[in-house]
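In what follows, a structure is listed as structure tokens, so that the remarks can point back to it.
Throughout, a chain's letter reflects where its sequence line sits, starting with A, and its residues are numbered from 1.
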Amino acid sequence: MPEDQMNDGDDSLRSIRLNKLGALEALGVDPYPYEFARSDEAADLGRRHAALPAGAETGERVRVAGRIRAIRNSGLFLDLHDASGKIQIFCHRDGLDPQGLAILKLLDIGDLIGVEGVVRRTPRGELTVNAARLAVLAKTLRPLPEKYHGLADVELRYRQRYLDLIMNPESRATLRRRSLVVAALRSQLLPRCFLEVETPMLHAIPGGASAKPFITHHNALDIDLYLRIAPELHLKRLLVGGLADKVFEINRCFRNEGLSPRHNPEFTSLELYEAYVDYRAMMRLAEELITAAAQAVRGSLRIEYGGAALDLSPPWPRRSMAELVEEATGIDFLKLDAPAARDAANALAANTSDRPLGDEAGWGHALELAFALRVEDRLIQPVHVTGFPRDISPLAKADRNDPRLAERFETYIYGWELANAFSELTDPRDQAARFEAQMRARAAGDEEAQPFDEDYVAALEYGLPPCGGLGIGIDRLVMLLTDSPSIRDVIAFPTLRPR
RNA sequence: GAGCCCGUAGCUCAGCCGGUAGAGCAACUGACUUUUAAUCAGUAGGUCUCGGGUUCGAAUCCCGACGGGCUCACCA
């Protein structure tokens, strides 16, 4: 932390708390002890004594621990919050031992304490522990944000996420739901005999997607390495090796591109590969995975995002890209050759901020541009968009009925690409030709064209079984399922410029 | 990378047609002691993000920098 921020707390508020810390030590209290034998979480007590009537005592002695969030009546009442919820603490001089009374005077809102005492419900109906003994578990030196409005400053919420999590229940709920989503995906995949694997983050050749990588350097090997932009090529190598017929990885990818409410430089994807099936199997699997995640966090397939009602009930429609573009524009790209398609797409791009396609752009780039301009953001309800152009799909098999197309689909929800899948290209000769085409595009100025990965082609020469592959963007899925407007809300520590 | 908006006490915010800064919460002192954002009285707390400029005088107007948000571009 920069020095000026360290000094932020070095004011009178902080020195008052340092004095209290010294006073605690003078009492023989360790303000940062090693452990506390807790018997119950707040929510457990709430459940166990749900029927306890107001004014009743239980005689049950418990030990609870948590953070002081409120002090009322000069310390008579404390609100203690733990990860499960809240429990009230009653500190009366008749019940509290002398050491506890001395500690009580030195406590602040925000301090972590342990309490031992008997459970009762107050006449006003609040479940309460009558403190007999108090333990300091961590003395705090800085005050918490204001109790009513909490921490609202979005920059502080992201920079000091710990404060955001203490203060804002919605932030806790969102990140807990993120964990539920990931757990739901695993709970679908593991019983289907998908093997969870980990593949390298450091790549000598950044492949598997079209994106700008981060570059780093390995000192001992004295080579540049790239943070991976996708795990795809390594996962398929595992299929070649026969490690399993079904593999998946849920992990980070890194792309050195702009930040936005929907883009973080590091993001999490699920990628999976299944032998002996094609992309149609991936459509069903995508539906099953995403609906399982929705059920896990929302308990329903009818959800709301940003005020839009979304119905995730399967099966989702399957529409081809060319058909959707024709519906939106009246132009049938399937009947156009590359130059005509380019002209048509550039006409659509006129008066938009998109720059026109150059002569090197192929037919597929033209169709893709038209789709992006006129169709993409209108795909609010779930839809599998099929018929992706082959020349923008260098890792996918050609469509068995139309060589201009690939057996690839992307699933769109709320105008976002949520899933991307193909019948994986397994022919090493075709793959080598696709890499060569990418290299030509790169030479022509396409910075994101994929580099030639000779070892990957060699792997294919040893035989990759026919397979389907599927990728799902976890961050965006969590955004949808938690109604979060920014990707930063679903990432605990989003990338920010250091202050 | 471009455009628009924002930055005032620990936190949430007023003040912004120029006259040198205020509230609530948090803190401190005391009162009260079965409260629920407890209440009451008092006290303290500020390089108004930073640096220039205009002006007799700048939180306020102008320029620049830094940080953030949104939109666009790249992209998932």
Within the structure shown, what part of the strands sits under 4.0 Å from A:Ala211 by heavy-atom distance: base, sugar-phosphate, or nothing? nothing
Under 5.5 Å and under 30°: A:Phe77 stacked on B:rA38: no
Is there a Watson-Crick or G-U wobble partner for B:rC25 with both distances under 3.5 Å, and if so, which one is it? B:rG10
Quick one: do the A:Arg177 and A:Thr482 side chains pair a donor with an acceptor below 3.5 Å? no
Check every strand shown and say whether A:Arg488 touches a base, only sugar-phosphate, or nothing at a heavy-atom separation below 4.0 Å. sugar-phosphate
Checking base pairs now: Watson-Crick or wobble, both atom distances under 3.5 Å. What partners B:rC17? none
Take atom CG of A:Leu163 and atom C1' of B:rC11, then tell me their distance rounded to the nearest Å. 10 Å
If you only use heavy atoms from C-beta on, which nucleotide in B:rA31, B:rC11, B:rA27 is closest to the side chain of A:Lys20? B:rA27
Under 3.5 Å, side chain of A:Tyr305 to main-chain N/O of A:Ser484, donor-acceptor pair present? yes
What is the distance, rounded to the nearest whole Å, between atom CZ of A:Phe90 and atom P of B:rA38? 16 Å
B:rU33 and B:rA38: how far apart are their C1' atoms, nearest whole angstrom? 11 Å
Pairwise C1' distance for B:rC66 and B:rG30, with rounding to whole Å: 45 Å
What's A:Gly110 touching, base or sugar-phosphate or nothing? Going by heavy atoms closer than 4.0 Å. nothing
When the ring centroid of A:Tyr412 is compared with that of A:Phe371, is the distance short of 6.0 Å? yes
Are a donor atom and an acceptor atom from the side chains of A:Thr199 and A:Glu249 found within less than 3.5 Å of each other? yes
If each of A:Gly258 and A:Lys147 is mapped to the nucleotide of RNA chain B with the nearest heavy atom, which maps nearer the 5' terminus, i.e. the 5' end? A:Lys147
Could you check whether A:Arg262 pairs with A:Asp475 (Lys NZ or Arg NE/NH1/NH2 to Asp/Glu carboxylate O, under 4.0 Å)? no
Where does the angle between the aromatic ring planes of A:His203 and A:His234 fall among parallel (under 30°), tilted (30 to 60°) and perpendicular (over 60°)? tilted
Nearest-neighbour nucleotide for the A:Glu257 side chain, B:rG24, B:rU36, B:rA76 considered: B:rA76
Picking from B:rU36, B:rU33, B:rG69, the nucleotide nearest the side-chain atoms of A:Val154 would be B:rG69
Watson-Crick or G-U wobble mate for B:rG1, both contacts under 3.5 Å: B:rC72
For A:Phe409, does the six-membered ring have the charged nitrogen or CZ of A:Arg318 within the cation-pi criterion, i.e. under 6.0 angstrom from the centroid and within 45° of the normal? no
Could you work out the separation of B:rA58 and B:rC72 based on their C1' atoms and round it to a whole Å? 35 Å
Sugar-phosphate, base or nothing in reach of A:Gly473, heavy atoms under 4.0 Å: nothing
Nearest whole angstrom, please: distance from the P of B:rC72 to the CG of A:Leu259. 15 Å
Whole angstrom value for the distance that separates P of B:rU36 from CD1 of A:Ile87: 18 Å
Using a 4.0 Å heavy-atom cut-off, does A:Leu156 contact any base of the nucleic acid, only the sugar-phosphate backbone, or nothing at all? sugar-phosphate
Where the side chain of A:Ala70 is defined as all heavy atoms beyond and including C-beta, which of B:rA38, B:rC28, B:rG68 is the nearest nucleotide? B:rA38
Side chain of A:Ser74 only, please: which of B:rC74, B:rA31, B:rA27 is the nearest? B:rA31
Specify the separation, in whole Å, of atom NE2 of A:His92 and atom C1' of B:rU34. 9 Å
Work out how far the C1' atom of B:rA59 is from that of B:rC48, and round it to whole angstrom. 4 Å
If you check every side-chain atom of A:Pro261, which of B:rU71, B:rA38, B:rG10 has the closest atom? B:rU71
d(CD1, A:Ile166; P, B:rA26) in whole Å: 17 Å
Distance between C1' atoms of B:rU8 and B:rC16 (Å, rounded): 11 Å
How far, in whole Å, is B:rC25 from B:rU43 if one measures between their P atoms? 15 Å
Partner nucleotide of B:rU55 by Watson-Crick or wobble geometry (both distances under 3.5 Å): none
Mind checking if A:Gln88 touches a base, just sugar-phosphate, or nothing, with heavy atoms under 4.0 Å? base
Does the side chain of A:Arg497 get closer than 4.0 angstrom to OP1 or OP2 of B:rA65 through an N or O atom? no
Using purine N1 to pyrimidine N3 plus N6-O4 or O6-N4 for Watson-Crick, or N1-O2 and O6-N3 for G-U wobble, both under 3.5 Å, which nucleotide pairs with B:rU34? none
With a 6.0 Å cut-off (strictly less than), is the heavy-atom count around CZ of A:Arg133, excluding the residue itself, greater than 12? no
Counting heavy atoms from C-beta on, name the nucleotide in B:rC32, B:rA38, B:rC11 closest to the side chain of A:Asn73. B:rA38
Walk me through it: do A:Val375 and A:Val385 pass the test side chain to side chain contact (heavy atoms under 4.5 Å, CB included)? CA-CA 11 Å; A:Val375 178; A:Val385 177; over 6 Å; no
Pairwise C1' distance, B:rG15 and B:rU29 [rounded to whole Å]: 30 Å
Taking a pair to mean Watson-Crick or G-U wobble geometry with both distances below 3.5 Å, B:rU49 pairs with B:rA65
Nucleotide of B:rU34, B:rU36, B:rU12 approaching A:Lys86 most closely (side-chain heavy atoms): B:rU36
In terms of the nearest nucleotide of RNA chain B, which residue is placed more toward the 5' end: A:Asp153 or A:Ile109? A:Asp153
So what does A:Leu144 touch, heavy atoms closer than 4.0 Å: a base, only the sugar-phosphate, or nothing? nothing
Give one of base, sugar-phosphate or nothing for A:Glu126, where a contact means two heavy atoms less than 4.0 Å apart. base
For atom CD1 of A:Ile392 and atom C1' of B:rA76, their distance in whole Å: 14 Å
Write down the distance between CZ (A:Arg72) and P (B:rU33), rounded to a whole number of angstrom. 18 Å
Do any side-chain nitrogens or oxygens of A:Arg255 fall under 4.0 Å of OP1 or OP2 in B:rC74? no
Any base atoms under 4.0 Å from A:Leu151, or only sugar-phosphate, or nothing? Heavy atoms, all strands. sugar-phosphate
Provide the distance between the two P atoms, one in B:rC11 and one in B:rU54, to the nearest whole Å. 34 Å
Select one nucleotide: of B:rC74, B:rG69, B:rU12, the one nearest the side-chain heavy atoms of A:Tyr158. B:rG69
Phosphate OP1/OP2 of B:rA37 contacted by A:Arg69 side-chain N/O (<4.0 Å): no
